[in-house]
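One structure below.
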Amino acid sequence: MNRKKISLSIVTALLAVMALPAFAQNADLQKVLSQMDAASQKFQSAQADFSWDQLTAVVQSHEITTGTIAFRRVGSSTEMIAHVKTDSGQPEPKDILYKNGEVAYYQPAIKQQTIFSAGANRQQYEGFLTLGFGGSGKDLAAKWNVNFQGMEGISGTQTAKLDLTPKQAGGNQMFTHITIWIDPTRGISLKQVFFQETGDTRTAVYTNVQMNQVPASAFAIQLAPGTQTVRK
């Protein structure tokens, strides 16, 4: 074998070895997406405790919000209700309901409910809601470039760490990329980090997750008498 052929054989072998991690990652990713597809078929609802950490990068300040949250599937749509209990360590009750393409934001301290229409952004809103709460692997791969970053334990559960970048750069994208840690057997995110161009991040951690036990009646805000409703 001449030197040229030997060199070509070496390069070919090196390329094959270098490609092995990519093939392994792709196989692992496909397995996770298939598990999410299976879990999505069984998903009806989920509820959890949450902690949201909003980091403002320019001043390195954290605003931490805690409470409870629930999701449920209604046909091809998703509903969500969050009950905020504390904001930056202080009691700050608020309710946020997403239902029928509208967001209702209730502030009991001032007896006001503000309603926003999702309008043309409805699919985008629901796409974020289902990032680990009932969404299928097929839908995830259709909307995002998905990079499998290995398995990682969170609170005793093995999760798949997936980094998501929008398939269409620019436009009306709210985040440059999102990292989720998902329990593929249940199709539930235990952690999410949303990254913005400014360097700001929003980290969500979900604990005490319960599956398929949330009644439809839970997806309504209980307004105090005298509450004013404002539409924007």
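Hydrogens, waters and symmetry mates play no part in the numbers below; they use all other heavy atoms, side chains included. This structure is a prediction, so every number in the text was calculated from the model and none was measured.
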What distance do [X] atom [atom1] and [Y] atom [atom2] have between them, rounded to the nearest 0.5 Å?
X	Y	atom1	atom2	result
Arg202	Phe194	CZ	CZ	8.0 Å
Glu92	Lys85	CD	NZ	15.0 Å
Asp163	Gln149	CG	CD	4.5 Å
Thr78	Lys99	OG1	NZ	13.5 Å
Arg72	Ile81	CZ	CD1	11.0 Å
Lys161	Ile182	NZ	CD1	14.5 Å

Smallest separation among heavy atoms of [X] and [Y], with atom names:
X	Y	value
Ala160	Phe148	CB-CE1, 4.0 Å
Phe133	Gln192	CE1-NE2, 4.2 Å
Thr227	Gln113	CG2-N, 3.9 Å
Asp200	Val58	OD1-N, 4.4 Å
Asp37	Ser136	OD1-CB, 3.3 Å
Ser189	Ile180	OG-CB, 4.0 Å

Any heavy-atom pair between the side chains of [Y] and [X] that's under 4.5 Å?
X	Y	answer
Trp144	Ile178	yes
Asn145	Lys167	yes
Phe175	Thr201	no

Which residues share a salt bridge (Lys or Arg N to Asp or Glu O under 4.0 Å) with Asp87, sequence neighbours left out: Lys94
Glu63: partners by salt bridge (Lys or Arg N to Asp or Glu O under 4.0 Å), with sequence neighbours left out: none
Trace of the side chain to side chain contact (heavy atoms under 4.5 Å, CB included) decision for Asp28 with Lys31: CA-CA 5 Å; Asp28 288 336; Lys31 179 181 178 181; 5.5 Å; no
List the atom pairs, donor and acceptor, that lie under 3.5 Å between side-chain atoms in residues 209-221 and the rest of the protein, sequence neighbours left out.
from	atom 1	to	atom 2	distance (Å)
Gln210	OE1	Gln47	NE2	3.4
Asn212	OD1	Gln44	N	2.7
Asn212	OD1	Ser45	N	3.0
Asn212	ND2	Lys42	O	3.3

Spell out, yes or no, whether [X] and [Y] are grouped together once hydrophobic residues are joined by side-chain heavy atoms under 4.5 Å, including indirect joins.
X	Y	result
Phe50	Val103	yes
Ile64	Leu55	no
Val205	Val84	no
Leu162	Met151	yes

Verdict with reasoning, Met36 to Leu140, per side chain to side chain contact (heavy atoms under 4.5 Å, CB included): CA-CA 9 Å; Met36 290 179 64; Leu140 191 72; 4.0 Å; yes
Step-by-step side chain to side chain contact (heavy atoms under 4.5 Å, CB included) determination, Ile69 to Ile96: CA-CA 9 Å; Ile69 195 166; Ile96 305 165; over 6 Å; no
CA sep, side-chain torsions, deciding dist, call: Gln54, Thr65, side chain to side chain contact (heavy atoms under 4.5 Å, CB included): CA-CA 8 Å; Gln54 179 68 48; Thr65 306; over 6 Å; no
Partner set under ring pair (Phe, Tyr, Trp, His ring centres under 6.0 Å) for His177, not counting sequence neighbours: Phe195
Asp183 backbone acceptor or donor facing Thr159 side chain under 3.5 Å: no
Lys111 side chain vs Gln228 backbone, donor-acceptor pair below 3.5 Å: no
Those residues that, when tested against Thr66, pass side-chain hydrogen bond (donor to acceptor under 3.5 Å, both in side chains) (two or more places apart): Thr86
With sequence neighbours excluded, residues passing side-chain hydrogen bond (donor to acceptor under 3.5 Å, both in side chains) with Gln35: none
